[in-house]
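What follows is one structure encoded as C-alpha cells, with my remarks underneath.
Residue numbering restarts at 1 for every chain, and letters A, B, ... go by the order of the sequence lines.
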2 protein chains.
Amino acid sequence: MNTLAYGLLSLLTHSPLSGYDLTQRIQPFWPAKHSQIYPLLARLEKYGMVSCELIQQSDKPDKKVYSIQEKGFEALREWLTVPASDPVMRDELMLKAFCVSHVDPTVSRDLFAARLEHYRAKLGRLQDKIQSVRQMANAGETEIPPYNSLFFGPYIMLNKGLMVCRTNIEWCEWVLSIIPDGAAASRED
Amino acid sequence: MNTLAYGLLSLLTHSPLSGYDLTQRIQPFWPAKHSQIYPLLARLEKYGMVSCELIQQSDKPDKKVYSIQEKGFEALREWLTVPASDPVMRDELMLKAFCVSHVDPTVSRDLFAARLEHYRAKLGRLQDKIQSVRQMANAGETEIPPYNSLFFGPYIMLNKGLMVCRTNIEWCEWVLSIIPDGAAASRED
DNA sequence: CATCCTTATGTATGTATTTACATAATTGCT
DNA sequence: AGCAATTATGTAAATACATACATAAGGATG
C-alpha cells in the first residue's frame with residue numbers, strides 16, 4: 001500500500017472508475033502511467049479493498065470498473081489520521097535558473113517565457129474545472145461547497161491550484177521583466 | 001546524463017563542493033539521497049565533466065571536493081538551450097484533501113494545521129536565506145542582483161520559494177477557516 | 001479500404017529513487 | 001570510557017516510475 005494506492009482509493013470514494021479513467025484523473029495530484037495503475041488495481045482487488053466489474057460497451061472497448069469496498073474505506077480512514085508526508089517538487093527550471101548567469105539573456109528568456117505559457121494554459125484549464133465543480137455543487141461564484149459534500153475536497157484543491165498557478169505566473173512575469181534585453185549582458189569569467 | 005547530473009553541475013558552477021555538501025544543497029530543488037549522488041559524481045568524473053580533489057581535514061573526516069570542468073560547462077550550456085521539462089509535484093495532502101469529507105473535521109483540521117506549520121517553518125528559513133544572499137551580493141532590501149552576477153539565479157529562485165510559500169500559507173489558513181468546528185458535521189452516507 | 005485517434009488493458013524492461021547496510025573520524029556530553 | 005550527533009563516503013537491495021512493447025475495438029477522415 002503505497003501513496004499511489006491510497007490515491008486511487010481516494011478517487012474511488014467519489015464514484016466507481018475504470019483503470020483508464022483513474023489514470024487520467026490522478027495526473028494533477030500524483031502523476032502516474034497506466035503501467036503503474038493496472039497492476040496496482042489488481043493488487044487492491046486481491047486485498048479486497050476494491051471490487052471489479054466488467055462493463056461491456058458497444059461504442060468503445062469493454063472496460064473494468066472498480067468500486068471501493070469497506071476494507072478500502074477502512075484503510076483510507078486510517079491513512080487520513082497520519083500526517084501527510086512532505087510534498088515533493090522536482091522542477092528542472094529551478095536547476096536551470098541556478099546558473100542562468102552563465103548563458104545569454106535570450107536563452108534564459110526563452111526558458112521563462114515557455115514556463116509562463118505553461119502556467120497560463122494551466123490557469124485556463126483550472127478555471128474551467130472550477131466552473132464545472134461549482135455547477136455540479138450548485139454553488140455560486142463565492143459560495144463554498146459544504147464540508148460534508150463530495151465537492152468540498154475538489155473545491156479546495158482547485159483553489160490551491162489556482163492560487164499557486166497565479167503566483168507562478170506573477171513570478172515568471174517578474175523574472176522576465178528583470179532579465180536584461182539583448183545578448184550584450186552575458187557573463188564574463 | 002539525467003536531470004540530477006545537470007543539477008549537480010549547476011551547483012558546481014558557483015563553487016567546488018563535496019558530495020556531502022552537494023547532497024544538502026540540492027534538496028530544495030531536486031530531492032536526492034547521497035546514495036544517488038556519490039555514484040553519479042564518480043560517473044561525471046569519468047566523463048571528464050568534473051574533477052575531484054581529496055581534501056584532508058583535521059577537525060572532520062577527509063572529503064572529496066569536486067570542481068566543474070570545461071566539458072561540464074559545455075554540457076550545461078547545451079542543456080540550458082532546451083526547454084525545461086514540466087515540473088513534477090507529488091503531494092500526499094492533495095490526495096487526502098480529495099476525500100476529507102469522509103472523515104471527522106477534527107481529523108482533517110490536524111492535516112492542514114500540520115501543513116501550515118510546515119510552510120511557516122519553511123518561510124522562516126527562506127527569509128533567512130534571502131537575507132544572506134542579499135548580504136553576499138551587497139544588495140539592499142529592494143535591490144536586485146545584476147543578471148551576470150552569480151547571485152541572480154539564487155535570488156530569483158528564493159523569491160519564487162517565498163511567493164509560493166506565502167500562497168500556500170494563505171491557502172492553508174483559508175482551508176482551516178472553512179472547515180467546520182467539532183466532530184458534528186462528519187459525512188453521512 | 002487505409003490510416004490515424006481515442007478508448008481500453010495489460011506486460012517487459014530500464015531507469016530513478018529510497019531504504020538499508022557498512023564504515024570511519026571528530027566533537028561533545030555524561 | 002561509553003554514547004550520541006555530525007561529517008563524510010560508499011554499496012546493496014528494494015521499490016517507484018517511465019518508456020517501450022503488445023493487443024484490440026470503435027470512430028473519424030481521406
I'd like to know if B/Arg120 pairs up with B/Glu173 as an ion pair, taking the criterion as any Lys NZ or Arg NE/NH1/NH2 lying under 4.0 Å from an Asp or Glu carboxylate oxygen. yes

Is a salt bridge present between A/Asp181 and A/Arg109, judged by a nitrogen-to-oxygen distance below 4.0 Å? yes

d([atom1], [X]; [atom2], [N]) in whole Å:
{"X": "B/Ile55", "N": "D/dT9", "atom1": "CD1", "atom2": "P", "result": "11 Å"}
{"X": "B/Asp62", "N": "D/dA8", "atom1": "CG", "atom2": "C1'", "result": "9 Å"}
{"X": "A/Asn2", "N": "D/dA16", "atom1": "CG", "atom2": "P", "result": "5 Å"}
{"X": "B/Asp86", "N": "D/dA18", "atom1": "CG", "atom2": "P", "result": "13 Å"}
{"X": "B/Lys60", "N": "C/dT23", "atom1": "NZ", "atom2": "P", "result": "24 Å"}
{"X": "A/Leu4", "N": "C/dT17", "atom1": "CG", "atom2": "P", "result": "17 Å"}
{"X": "A/Gln56", "N": "D/dA25", "atom1": "CD", "atom2": "C1'", "result": "12 Å"}
{"X": "A/Lys63", "N": "C/dT6", "atom1": "NZ", "atom2": "P", "result": "17 Å"}

Restricting to non-hydrogen atoms, name the atom on [X] and the atom on [Y] that form the minimum distance, rounded to 0.1 Å.
{"X": "B/Phe152", "Y": "B/Pro146", "value": "CB-O, 3.5 Å"}
{"X": "A/Pro39", "Y": "A/Gln36", "value": "CD-O, 3.6 Å"}
{"X": "A/Ile68", "Y": "A/Leu9", "value": "CD1-O, 3.7 Å"}

On DNA chain D, compare the nucleotides closest to B/Val88 and B/Tyr66; which residue's is nearer the 5' end?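 The residue mapped nearer the 5' terminus is B/Tyr66.
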
Would you tell me whether A/Gln69 and A/Glu45 have side-chain atoms, one donor and one acceptor, within less than 3.5 Å of each other?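 On atom types as modelled, these side chains do not qualify, holding no pair under 3.5 Å.
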
Answer yes if the side chains of A/Ser149 and A/Tyr155 hold a donor-acceptor pair under 3.5 Å, and no otherwise. no

So does A/Arg90 get a side-chain nitrogen or oxygen closer than 4.0 Å to the phosphate oxygens (OP1/OP2) of C/dA16?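 Checking A/Arg90 against C/dA16: no side-chain N or O falls below 4.0 Å of OP1 or OP2.
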
Using a cut-off of less than 4.0 Å, is there contact between a side-chain N or O of B/Gln57 and OP1 or OP2 of C/dT26? no

Taking DNA chain D as the partner, which of residues 11-22 of chain A come within under 4.0 angstrom of it by heavy atom? none

When B/Arg115 is tested against each of B/Asp110, B/Asn168, B/Asp91 for side-chain hydrogen bond (donor to acceptor under 3.5 Å, both in side chains), which residue passes?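 Testing each of B/Asp110, B/Asn168, B/Asp91 against B/Arg115, the sole residue satisfying side-chain hydrogen bond (donor to acceptor under 3.5 Å, both in side chains) is B/Asp91.
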
Kindly state which residues belonging to residues 27-48 of chain A come within less than 4.0 angstrom of DNA chain C, counting heavy atoms of the residue only, listed by number.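 Residues of residues 27-48 of chain A under 4.0 Å from DNA chain C: A/His34, A/Ser35, A/Tyr38.
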
Ring centroid separation B/Trp171 to B/Tyr119 under 6.0 Å: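 Ring centres of B/Tyr119 and B/Trp171 not closer than 6.0 Å.
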
Among D/dT9, C/dT26, D/dT7, the one nearest B/Lys64 by side-chain distance: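 Shortest atom-to-atom distance from the side chain points to D/dT9.
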
